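Remarks on the structure that follows.
Source: prediction; values computed, not measured.
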Amino acid sequence: MTRRTGFLCGAICAMILSLLANLSIGPTIIPWQDMPGMLLHFDEDDYQHFILLYQRLPRALISVYVGALMACGGVILQGLTRNPLASPATLGINAGATMFVIAGAYSFDFGIKTQGAAALVGGVAGFLGCVLIARLAGRERDPRGMMLILSGALSSMLFLGIANAFLLSDPVRRLEFLGWVTGNINHVYADRLYHFWWIGVLALIVFTLLARPLTLITLGAEKAASSGVNVPLVTALALTAVMFGASSSVAICGPIGFVGLVVPHIVRPFVGTGFTVSLPACAATGATVCLLSDLLARQAFAPYVLHTGLIMNLIGGVMFALTVKRFYLSAGSGRET
């Protein structure tokens, strides 16, 4: 067994174990071997059955969904932009989706389904705004790609500032989005997962189909074109899938930050840069990170439950600082990334 295969198998096993732990551990311990019977023969009068089906299972499914999509989106963005700091959170996708959801809900009283459509439009607008600012600022004269990240930070601050302005305009309704806007994996968002899950599944299918041509593109556009890859089409499809997948995650539980930044750096030393292996490895590892973060948010200060976004921002902030130090502040960081 090669190192890449071994890591992939280990990542999948870690995801399964994290899923079982997430479903089992809580104020009421549910033995994992009893779970299949509980789900197949649900008894609405049994407290453990109710907890498993209506609270822990939705949280676990949302964790897997968000973690897999954000991590895959991050590794693709880092590969295509050749920037180690690229992710849905740092390139304006999450912030754009957040602002459009809140603006639509406040201005036009959008329902859940329409909020999902607004999130997709907002994610695209956030990314395009980031790219536009970077080009106007002269990204071509910035070989390290820092201008793109600064543009993403600027556009994110703009979008989130507008979102906060809407929230402050109606203190009563603000409570409806206060948890969501910080990024919060919660069973109350199960209906959002029910409406939007198919978007993420389609995005993952697109990632899988494009894994080989994307790998060739990262080796060089000319080499990819000489191998028969339609570089503009593949790039556009991959970026669209990233924007839609990340935006659907935001529509479900708000902007869960930094999963897309952290996970590729965990996975890449073990599996390399080829997307054929790195994509499933990132999906499994991203799901594991979100599952464990959700478990930590529920158990760290029990009976009080933290917002998962706080845990993810803490982890991601430390990782962001370490990544900046490694690629931009350390000796020899002047090379192209």
Side-chain angles (χ1 to χ4, degrees), residues 69-96 123-124 126-157 159 207 210-211 213-224 231-232 234-243 245-246 255 257-269 271-275 278-279 281-282 285-286 315-337:
L69 284 170
M70 288 294 185
C72 288
V75 74
I76 289 177
L77 288 174
Q78 290 176 15
L80 291 179
T81 63
R82 292 176 174 81
N83 192 308
L85 299 179
S87 73
T90 57
L91 296 187
I93 297 174
N94 288 2
V124 174
F127 180 74
L128 294 181
C130 169
V131 173
L132 177 61
I133 294 173
R135 288 188 175 180
L136 292 175
R139 179 190 170 195
E140 293 78 6
R141 299 187 296 274
D142 179 29
R144 295 187 302 169
M146 197 63 180
M147 188 63 68
L148 184 64
I149 302 303
L150 293 176
S151 300
L154 180 61
S155 59
S156 295
M157 286 189 290
F159 286 125
F207 296 156
L210 297 181
L214 283 173
T215 301
L216 294 175
I217 291 174
T218 59
L219 298 176
E222 294 182 359
K223 292 181 179 179
V231 176
V234 170
T235 301
L237 288 175
L239 290 177
T240 301
V242 169
M243 289 185 284
F258 292 111
V259 180
L261 171 66
V262 173
V263 172
H265 290 287
I266 297 174
V267 171
R268 195 174 291 116
V271 302
T273 58
F275 288 114
S278 66
L279 278 171
C282 280
T285 305
I315 297 173
V318 173
M319 187 65 185
F320 186 86
L322 293 176
T323 305
V324 170
K325 182 179 184 300
R326 176 185 176 188
F327 288 96
Y328 293 96
L329 301 180
S330 60
S333 62
R335 66 184 184 279
E336 292 188 13
T337 56

Legend entry - Any residue meeting side-chain contact (heavy atoms from CB on, under 4.5 Å) with Ile266, in chain and number order, not counting sequence neighbours: Val262, Thr285
Legend entry - Atom pair CG/OG1 of Leu239 and Thr81 - distance to nearest 0.5 Å: 9.0 Å
Legend entry - Minimum heavy-atom distance between Cys282 and Pro264, given as atom pair plus value: SG-CA, 4.0 Å
Inset, instruction - Please name all residues satisfying side-chain contact (heavy atoms from CB on, under 4.5 Å) with Ala238, sequence neighbours left out, ordered by chain then number. - result: Ile76, Leu80, Leu210, Leu214
Inset, instruction - State whether the side chain of Thr218 and the backbone N or O of Thr215 hold a donor-acceptor pair below 3.5 Å, judged by distance alone. - result: yes
Inset, instruction - For Thr90, check side chain to side chain donor-acceptor pair (under 3.5 Å) against everything at least two apart and list the hits. - result: Ser87
Inset, instruction - Identify which one of Leu148, Asn83, Val242 satisfies the side-chain contact (heavy atoms from CB on, under 4.5 Å) criterion when paired with Leu77. - result: Val242
Inset, instruction - Evaluate the side chain to side chain contact (heavy atoms under 4.5 Å, CB included) criterion for residues Leu261 and Gln78: first the C-alpha distance (whole Å), next the side-chain angles of each, then the deciding distance (0.1 Å), finally the verdict. - result: CA-CA 9 Å; Leu261 171 66; Gln78 290 176 15; 4.1 Å; yes
Inset, instruction - Heavy atoms only: give me the nearest Ala71-Gly286 pair and the separation to one decimal. - result: CB-CA, 3.9 Å
Inset, instruction - Might you point out which heavy atoms bring Ala281 and Val271 nearest each other, and give the distance in Å? - result: CB-CG1, 4.3 Å
Legend entry - Ser156: partners by side-chain contact (heavy atoms from CB on, under 4.5 Å), with sequence neighbours left out: Ala95
Legend entry - Atom pair CG/CZ of Leu69 and Phe207 - distance to nearest 0.5 Å: 6.5 Å
Inset, instruction - Drop me the distance from Cys130's SG to Leu154's CG, to the nearest 0.5 angstrom. - result: 9.0 Å
Inset, instruction - Please identify each residue that fulfils side-chain contact (heavy atoms from CB on, under 4.5 Å) with Leu132, with sequence neighbours left out. - result: Leu136
Inset, instruction - Dump the intermediate steps for side chain to side chain contact (heavy atoms under 4.5 Å, CB included) on Val124 and Ile93, then the final yes or no. - result: CA-CA 7 Å; Val124 174; Ile93 297 174; over 6 Å; no
Legend entry - Minimum-distance pair of heavy atoms, taken over all atoms of Ala246 and Pro88: CB-CB, 3.8 Å
Inset, instruction - Report yes if the side chains of Val263 and Met70 come closer than 4.5 Å at any heavy-atom pair, otherwise no. - result: no
Inset, instruction - Could you pull out the closest heavy-atom pair between Arg82 and Ile217, with the gap in Å? - result: NH2-O, 3.2 Å
Legend entry - For Ala211 against Leu279, the heavy-atom pair lying closest together: CB-CD1, 4.1 Å
